[in-house]
Amino acid sequence: MLKFTIQKKLEGTLARAGVIETLNGSIETPAFVTVGTKAAVKAMTAEQVRSLNAQVVLANTYHLYLQPGPDIVAQAGGFGPFMDWHGPTMTDSGGFQAFSLGAAFGSNVSKVTRNTDAVLEDVSPVKGQLAKVTDEGVEFKSHIDGSKHLFTPESSMEIQWKLAADMIFAFDECTSPTAPYEYQKKSLDRTYDWAVRSLNHHESLDTEKKQSLFGVIQGGRHQDLREHAARTLGALPFDGYGIGGSFTKDDIGTAVGWVNAILPEDKPRHLLGIGEPMDLFNAVEAGCDLFDCIAPTRMGRHGTVHTPDGRINLKNKSFTTDFTPLVQGCTCYTCTHHTRAYIAHLFRANESAAGTLASIHNLHFILRLMESIRASLFDETFQSYKQSFIARYYK
RNA sequence: GCGUCGAUGGUAGAGCGGUCAAUUACAUCAGACUGUAAAUCUGACGCCUUCGGGCUACGCAGGUUCAAAUCCUGCUCGGCGCA
């Protein structure tokens, strides 16, 4: 069971800074949660993650269930000890895979859309998709071997109990931004039903209240649905809340604000799967405490790194002879040891160290950004910090 | 020297009379990526274009044909075999 203390609120906004205490250590919020889906932060060792002062790692129920299986992880004492991460941990419920392996499968639909008109009337299953949602749960066809598996709120709780993270999520359906309103509404009722089932089942497993359970707010881009979800789930005895689902790129802060204005103030709020600098600023301002995102590590592996002046793609020709660090003055391992030219060479030569070095830098960048944002809440320079950062990064 | 096989775009390597500026892979040049199906995916990749098309190309030179990267002849270069 976690303990959440709010230490500072920023007047005129929903933003707050605080501390979450878990059995495995505390998290100073707002905080970025490092993603280690399969009990591994891709391309990185746990020691490297630790050296970046990451505070908390999140793994995934669906992936660890398929491989190596929850019982093996349980034998190791949970996914944290299994991967040699001894700080606070979280697991996602598998609800996102209802989207990524379902409606989004084989398409280029992102849960964050720039197209406000992106609505498909047809929600019939996409050909070849690996997830099918019913009221009972989600039927998955393993992306590894094609075998079939039914995930329910109950089974998700059982698996997450075995994975033994400090904080876990209720089983939910992450809807697509292209789903019509009627579908989102229906899905929201289902997610509520699953939240109650998750809560009840988890209570029966975790009799000593070791794990904290977060409910997940859905509702897509619709204010009425978001607010309805915040009211109904907010009334349930969750230990915290995840805010998931689909957003419009320009409006994430607004949508999150609708929800956080209603959710109980004394419980932590985790914005699921969001991690671009602009979005982090806006969501902190709108009252979020935790963020997890694959972007730093995935983009790193794909050759893109953060700089204060925006992203750069190290695969571009211009970097092959650039013997400066990724970011002048950056204190990360990558920047204090290597040049752009070297890392560009590693990418071209297909050396896996390229992804490692870029991931280290990107994670460092985002983790330090969150620390700076937190500090700016305490000294009340948040607004000016936000403005100057964004002006430079997105110029 | 004789015989034989081969010579295709940055590279490898398809094509073997028209639908070929030429499959594919790699390389190259860009782009995308937000609770990880992702060390992935997408686009461009002869020259010019008023985007309709035009021009030059499959070792070189001729030839056959309405039509040749594809067939024939000679040459040049290379692999292999025999002397």
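All heavy atoms count here, side chains included; hydrogens, waters and symmetry mates do not. Worth saying up front: this structure is predicted, and the values here are computed from it rather than measured. Chain letters run A, B, ... following the sequence lines, proteins first, then strands; residues in each count from 1.
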Practice task
Whole angstrom is fine here: how far is it from CD1 in A:Ile274 over to P in B:U36?
Solution key: 12 Å
Exercise for the section: Using a strict cut-off of less than 4.0 Å between a Lys/Arg side-chain nitrogen and an Asp/Glu carboxylate oxygen, indicate whether A:Arg190 and A:Glu136 qualify as a salt bridge. Expected result: no
Exercise for the section: Please work out if A:Thr297 contacts a base, only the sugar-phosphate, or nothing of the nucleic acid, heavy-atom cut-off 4.0 Å. Expected result: base
Completion exercise
Against the side chain of A:His302, the closest entry in B:A32, B:U36, B:C29 is B:A32
Where do N or O atoms of nucleotides 43-46 of chain B meet protein N or O atoms at under 3.5 Å, pair by pair?
none

Problem - Along RNA chain B (nearest heavy atom to each residue), the more 5'-positioned of A:Thr304 and A:Gly36 - result: A:Thr304
Exercise for the section: Applying ring pair (Phe, Tyr, Trp, His ring centres under 6.0 Å), name anything that partners A:Trp85, two or more places apart in sequence or on another chain. Expected result: none
Exercise for the section: Taking A:Asn60 for its side chain and A:Phe96 for its backbone only, find out whether a donor-acceptor pair lies under 3.5 Å. Expected result: no
Problem - Nearest listed nucleotide, side chain of A:Ser352, among B:A37, B:A39, B:U36 - result: B:A39
Exercise for the section: Whole angstrom is fine here: how far is it from CG in A:Leu314 over to P in B:C33? Expected result: 16 Å
Exercise for the section: Would you indicate what A:Gln97 reaches in the nucleic acid, counting non-hydrogen atoms under 4.0 angstrom: base, sugar-phosphate, or nothing? Expected result: sugar-phosphate
Handout entry: CA sep, side-chain torsions, deciding dist, call: A:Phe99, A:Phe105, ring pair (Phe, Tyr, Trp, His ring centres under 6.0 Å)
Key = CA-CA 8 Å; A:Phe99 167 66; A:Phe105 189 78; over 10 Å; no
Practice task
Provide, to the nearest angstrom, the distance between the CZ atom belonging to A:Arg311 and the C1' atom belonging to B:G31.
Solution key: 11 Å
Practice task
Determine: side-chain N/O of A:Arg348 to OP1/OP2 of B:A27, distance under 4.0 Å, yes or no.
Solution key: no
Completion exercise
Among B:A37, B:C33, B:U36, the one nearest any side-chain atom of A:Met299 is B:C33
Handout entry: Nearest-nucleotide comparison on RNA chain B, the residue closer to the 5′ end among A:Thr320 and A:Lys38
Key = A:Thr320
Practice task
Kindly state which residues belonging to residues 55-78 of chain A come within less than 4.0 angstrom of RNA chain B, counting heavy atoms of the residue only, listed by number.
Solution key: A:Leu58, A:Asn60, A:His63
Problem - Nearest-angstrom distance, C1' atom, B:A25 to B:C75 - result: 34 Å
Practice task
Report the nucleotide, chosen from B:A37, B:A39, B:U40, that has the shortest atom-to-atom distance to any side-chain atom of A:Phe105.
Solution key: B:A37
Problem - Separation of atom CZ in A:Phe247 from atom C1' in B:C33, rounded to whole Å - result: 18 Å
Exercise for the section: For nucleotides B:G18 and B:A67, find the distance between their P atoms and express it as a whole number of Å. Expected result: 14 Å
Problem - Short side-chain N/O contact from A:Arg301 to OP1 or OP2 of B:C33, under 4.0 Å - result: no
Practice task
Answer yes or no: side-chain N or O of A:Ser100 and base N or O of B:U36 forming a donor-acceptor pair under 3.5 Å.
Solution key: no
Exercise for the section: Describe the nucleic acid contact of A:Asp92 in one word from base, sugar-phosphate, nothing, applying a heavy-atom distance below 4.0 Å. Expected result: base
Completion exercise
Between the CD atom in A:Gln97 and the CG atom in A:Asp92, the distance rounded to the nearest 0.5 Å is 6.5 Å
Practice task
Give a yes or no on whether a salt bridge exists between A:Glu182 and A:Lys185, defined as a side-chain N under 4.0 angstrom from a carboxylate O.
Solution key: no
Problem - Nucleotide B:G31, atom P - distance to CG of A:Asn316 in whole Å - result: 5 Å
Practice task
Taking A:Arg226 for its side chain and A:Ile217 for its backbone only, find out whether a donor-acceptor pair lies under 3.5 Å.
Solution key: yes
